Structures are given as C-alpha cells and as structure tokens.
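Data first, discussion second: the structure below is written as structure tokens.
Chain letters run A, B, ... following the sequence lines, proteins first, then strands; residues in each count from 1. The shown structure was predicted, so the numbers you read here are calculated from the model rather than taken from an experiment.
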There are 2 protein chains.
Amino acid sequence: MKFKMMYSFLNTDLQLIEKELEAAIEADSTVLREASLHLLQSGGKRIRPVFVLLGAKFGDYDIHVVKHVAATLELIHTASLVHDDVVDDADLRRGSATIKSKWDNRVAMYTGDFIFARALEMMAVIESPLAHQILADTMVELCLGEIEQIKDKYNFNQNWRIYFRRIKRKTALLIASSCQLGAISAGVDEKIHQKLFKFGYYVGMSYQITDDILDFTASEEELGKPAGSDLIQGNITLPVLIAMEDPKLKRLIETVREDTSKDEMTHIINAIKSSGAIEQAARISDMYLEKAFSELKGLPAIKARKTLSDIAKNIGKRKF
Amino acid sequence: MKFKMMYSFLNTDLQLIEKELEAAIEADSTVLREASLHLLQSGGKRIRPVFVLLGAKFGDYDIHVVKHVAATLELIHTASLVHDDVVDDADLRRGSATIKSKWDNRVAMYTGDFIFARALEMMAVIESPLAHQILADTMVELCLGEIEQIKDKYNFNQNWRIYFRRIKRKTALLIASSCQLGAISAGVDEKIHQKLFKFGYYVGMSYQITDDILDFTASEEELGKPAGSDLIQGNITLPVLIAMEDPKLKRLIETVREDTSKDEMTHIINAIKSSGAIEQAARISDMYLEKAFSELKGLPAIKARKTLSDIAKNIGKRKF
C-alpha cells in the first residue's frame with residue numbers, strides 16, 4: 001500500500017493544515033518568502049501532522065483545535081531543517097548547488113527563528129500547560145541533539161549509547177511528542193497518551209536507524225546525495241558503529257575525513273556493507289518496531305490504531 | 001541615583017531569578033557551558049526581569065510565579081544576543097577578538113536555539129493563553145526585525161518609518177512585553193496591563209534611540225567598540241537618517257562601506273555630529289519618554305510606578 005493511501009481518510013484535514021502552514025510562514029518580506037520556498041519543497045509526507053491527527057483520534061477529535069498542534073509540530077520540524085542547512089558545511093565545501101552564501105546563512109538562521117516563533121504562535125491557542133511543557137522539553141532535547149551531533153563529528157570512539165541518545169533527541173522525541181500532543185489536545189487520558197508517546201518514540205528510533213542504513217544501501221539517485229554521505233560528513237551512525245566492532249574495519253573507517261577520495265569511500269562503504277553491519281542494524285530497527293507494535297496493543301481498537309500500525313510497518317520496509 | 005539603587009527593594013527576588021537563569025542554561029555539555037559564559041557576561045542590568053517584576057507589582061505579586069516570566073524574557077533576550085553574534089560579520093571581517101570560527105558559529109546558533117527552548121520550558125508553567133500569545137507574537141516580531149536589519153544594511157534610501165518599525169521590533173516590543181507579561185502573570189486588569197505595555201514600548205523606543213545616539217557620542221572606551229560602528233556596519237540609525245536630510249551630507253554618508261578608512265569615518269562622524277542630527281534625535285527620544293510618563297499617570301500610584309518613572313528618567317539621561 002502506498003504511504004499516503006494509508007491515511008487518505010485524513011486528506012481533508014491535512015489540506016486544512018497545509019493552509020495553516022502557508023498562512024504561518026506568510027510575511028511581507030521577499031527574503032522570508034524566498035527562504036520559505038525551502039519549507040514547501042522539503043515538505044513531503046507531513047508525517048508529524050499525520051501522527052498528531054491520529055493521536056487525537058483517540059479522544060474528542062476537533063480538527064479546529066488539533067490543526068494548531070499539527071501545524072506547530074511541522075513548523076518546528078521545518079525550522080530545524082532550515083537551521084540544519086545553516087550548519088551543513090559539507091555541501092559548502094564540496095561546492096554543491098545547495099551552497100548558502102554567508103548572507104544566506106544569516107538569513108537562514110533568522111528564517112528558522114521566525115518559523116520557530118510562528119510555531120509558538122500557533123501553539124499559544126492550546127490551553128494545556130502539560131502540552132506546552134512537553135513541546136518545550138522536546139525542543140530542548142532537539143537542540144541538545146544537534147549540538148551533540150556537531151561535537152561528535154569524526155569521533156570514532158563514541159559508544160552506542162551516545163548514538164541512541166542522539167537519534168532519540170534528534171528524531172524520535174519529535175515523533176513521540178506528535179502522537180502524544182495530538183492526544184492531549186483531544187483530552188485523551190494520561191495512560192493512553194503516554195502509550196502513544198512510547199509508540200511514537202519507538203517508531204522514531206526505527207525510522208532514524210532505517211535512514212542511517214539507507215545512507216549506505218540506497219542509490220545516489222534515491223538519496224539525492226552520494227551513498228555514505230553521513231560517514232564522509234563525520235556522522236557516525238549505527239551501521240558504522242557495528243562495523244567498527246571489528247578492529248581491522250575500525251582502523252579502515254577511522255581514516256575517513258571530509259577529503260577522503262571517492263574511490264576510497266567506495267572501498268570503505270563496500271567493506272561496511274559486506275561486514276554484516278547493515279543486517280544487524282536492520283535487526284535493531286525491527287526490534288524497535290516490535291516495541292512500537294506492542295504499545296499499540298494496549299490502545300483502543302479504533303481505525304487510527306490500524307493506521308498507526310500500517311505506517312509503522314511501512315517505515316520498517318521502506319527502501320528510500 | 002545609580003541604576004541598581006532604584007530597584008534595590010527587588011534585590012532578593014532578582015537573586016532568585018539569577019538562580020533560575022543559571023539553572024536554565026545548565027547542561028552536561030562542555031560546549032554549551034562554554035557558550036553560556038557569553039550569557040552570564042552579557043548579563044548586566046537584567047532590565048527585562050526588572051520590568052517584569054515591576055509590572056507584577058500592580059497585581060497579586062507572587063515571586064514564585066512571576067520569576068518564571070522574568071527568567072523567560074531574559075533568556076529570550078540572551079538567545080537573541082547569541083544569534084546576533086552569529087550574524088555579526090563585521091567583527092569577523094575586521095579581525096577583532098570576538099571572532100567566531102565557523103564551528104563556533106554553528107554552536108552559537110544551536111546554543112541560541114537551546115536558550116530559546118529553555119525559555120519556553122520556563123514559560124510553560126504559566127497558564128494564561130494570552131501570555132503565550134503575546135510572547136510568541138513578540139518573538140515573531142523580533143525575528144522580522146532581525147531579518148529587516150540584515151536586508152536594510154547599507155540601504156541609505158530607507159525612510160524613517162522603516163527605522164522606527166525596526167527598533168520597535170528589535171527592542172521596544174520585548175521591553176513592552178516584559179512589563180505587560182509581568183502584569184498578566186499577576187492577574188492585573190486588561191486596562192492596566194495595556195498601559196504597562198505602552199509604557200514599556202515608549203521606554204524601549206527611547207532606549208534604542210539613545211543607544212543609536214551613543215554610538216556616535218560615547219567614547220570607544222565606554223562603548224567597547226569604535227564610535228560609528230553601527231554606520232560602518234551598514235546599520236542606518238536615526239542620527240544618520242536625520243543628517244541625510246541635508247543632500248550634501250547624504251552624498252558623503254552614502255560613501256560608507258565596511259572598508260571605509262578610519263580617518264574618513266572620523267570625518268563623517270564629525271560631520272554628522274556638527275549637523276545638529278544628534279540633538280534632533282535626542283529630542284525624539286525625549287518625546288517618547290514623555291509619552292511613557294503620560295502612560296504612568298493612568299496607573300495606580302504604588303511604589304512600582306515611581307520606580308518605573310525613575311528608570312525611564314535614567315534611560316533618558318544615560319551617557320553610555
């Protein structure tokens with residue numbers, strides 16, 4: 001089943017959210033309007049709004065309330081993408097088309113700030129202090145994840161715990177909060193919204209591990225960037241950590257710098273792929289998915305539960 | 001009267017806020033801890049928390065509630081300073097000691113984001129949706145002000161309206177919101193907290209105009225940077241706009257670029273100073289102060305009102 005088919009019953013509501021997003025980034029500034037093109041282009045699946053809406057289905061679903069939460073989560077995700085672009089040195093150094101000049105970088109930073117602030121405006125209509133607390137905590141963790149990612153670049157001696165904490169902060173918590181905040185805004189009981197949080201957390205962990213695997217196994221065409229991009233940029237992901245358990249492979253991988261030649265990178269990527277590391281990482285991803293499914297079992301058997309399950313399955317088998 | 005003497009009766013409460021600020025920026029990351037040194041150093045007068053506390057004095061003052069609002073406002077101000085540092089190219093180009101390397105810039109960006117997020121955590125305990133709305137709106141305006149400032153650099157044809165809107169967004173609204181949010185968190189009536197907002201707005205406008213004047217009139221020692229720094233960085237402020245009313249002076253000022261020589265800058269600064277532009281800018285600043293005082297007249301005659309008045313007077317006559 002195609003991804004978007006799984007939640008086609010949400011289409012009308014998702015279109016409403018799309019309108020909220022467009023309205024939120026509107027500003028009478030050419031610079032901002034241009035920068036926000038990035039927003040619309042990087043849009044894609046709107047998976048966070050989908051999780052928000054599905055979370056709300058477990059309570060008193062009112063699209064005119066929950067749409068604000070959905071748009072907030074998507075805006076925060078988008079703002080963090082905009083700031084990622086500022087940080088993304090690698091593209092700059094390799095002279096790709098996505099280069100941001102110094103001036104653009106400054107604008108990108110403030111555009112990110114602007115979108116963050118718009119997200120908060122959107123969220124201000126929600127009265128639950130708990131919801132505000134969860135959102136703010138998630139944003140703190142997101143920033144810590146970003147800072148850690150910079151700090152741990154090319155650190156080939158980081159342990160697995162560091163990796164798992166980083167992807168939790170960078171990816172999983174935002175998906176977890178999406179599920180939970182949708183539920184809270186619909187007045188769902190604590191027991192249920194905490195299960196939804198856990199479901200989102202496990203799905204998010206699996207999603208990021210799969211992403212990190214695809215960086216090695218998908219084609220350049222599918223990825224829109226060369227395979228092994230994470231590694232050459234110094235982002236040490238699970239397949240790499242697993243491969244480095246072999247001391248010989250570790251010595252090879254540790255030679256990677258941003259100026260490592262393409263031939264050498266191909267050699268290293270092939271060494272990682274034939275080490276069994278990819279398969280082991282995939283098993284860990286599946287383990288997280290299993291945990292996600294078992295959280296679902298404790299939830300009321302409504303249609304949204306089936307949809308969450310379908311989405312989780314799709315995340316487990318996606319190829320790019 | 002010394003600035004801090006005016007509100008010495010708030011000292012115990014301000015110390016409590018200082019503790020909140022320290023706790024807020026704590027993180028088990030060396031990078032963050034180092035970056036947050038900037039926070040403590042740039043601390044100074046904590047004028048925003050003072051305005052928050054004084055605003056709250058018009059209602060049911062509870063330091064254990066209002067301290068969160070006060071710390072939030074100071075954290076948002078600090079985060080925006082951190083992001084200003086990322087943007088501040090001029091220092092980079094002139095090779096001053098405050099240079100941030102590329103790596104530092106990225107960390108500074110995320111440190112700013114982190115402090116923003118901590119501010120929101122702090123604010124989450126406040127239940128008033130109105131308070132969240134005002135804070136979010138203020139942050140949106142702050143970002144728009146920053147983006148406009150970049151966009152309008154070296155634009156010698158901007159009109160006064162653009163300047164006033166920019167300083168409103170960059171400075172005045174945050175001070176206005178400080179006064180108002182303190183009041184709202186203490187359950188103050190709308191009529192009163194709107195007057196406090198207006199008071200803060202007028203004081204903020206006067207404060208920024210005075211700042212822009214001091215950039216010409218204060219010594220390098222007092223400023224911690226050469227006189228005319230704003231102009232050489234392309235920030236067109238009120239004294240410059242007034243001076244440019246004279247076509248001959250406009251032609252001279254329009255030659256300013258970031259590589260304009262020190263001698264040439266001295267010549268231009270002296271031309272601005274002897275044009276009467278400084279005095280006229282000061283009169284406009286005073287006009288805003290008068291408006292601030294007249295807002296105070298409509299407020300209950302409590303001690304806090306006298307303190308707000310003293311602070312406003314001090315802002316009007318400060319020399320650096």
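Contact record, A:T111 with B:I147: N-CD1, 4.2 Å, taken as the closest heavy-atom pair. Contact record, B:A124 with A:P129: O-CB, 3.8 Å, taken as the closest heavy-atom pair. When all heavy atoms of A:A136 and B:L120 are compared, the pair lying nearest together is CB-C, 3.6 Å.
Put simply, OH on A:Y110 and CG on B:L142 are 8.5 Å apart, with the number rounded to the nearest 0.5 Å. A:F116 CZ to B:M139 CE: the interatomic distance, rounded to the nearest 0.5 Å, is 9.0 Å. In this structure, the separation between CE on A:M109 and CG on B:D113 is 8.5 Å, given to the nearest 0.5 Å.
Aromatic ring pairs are classed by plane angle as parallel below 30°, tilted from 30° to 60° and perpendicular above 60°; the pair B:H83 and A:H83 is perpendicular.
Heavy-atom pairs under 4.5 Å with chain B were tallied for A:Q133, A:M123, A:M122; the largest tally goes to A:Q133.
At most 12 heavy atoms of other shown residues, nucleotides or ligands fall within 6.0 angstrom of atom CD in B:E127. No more than 12 heavy atoms of other residues, nucleotides or ligands sit less than 6.0 Å from atom CG of A:D60.
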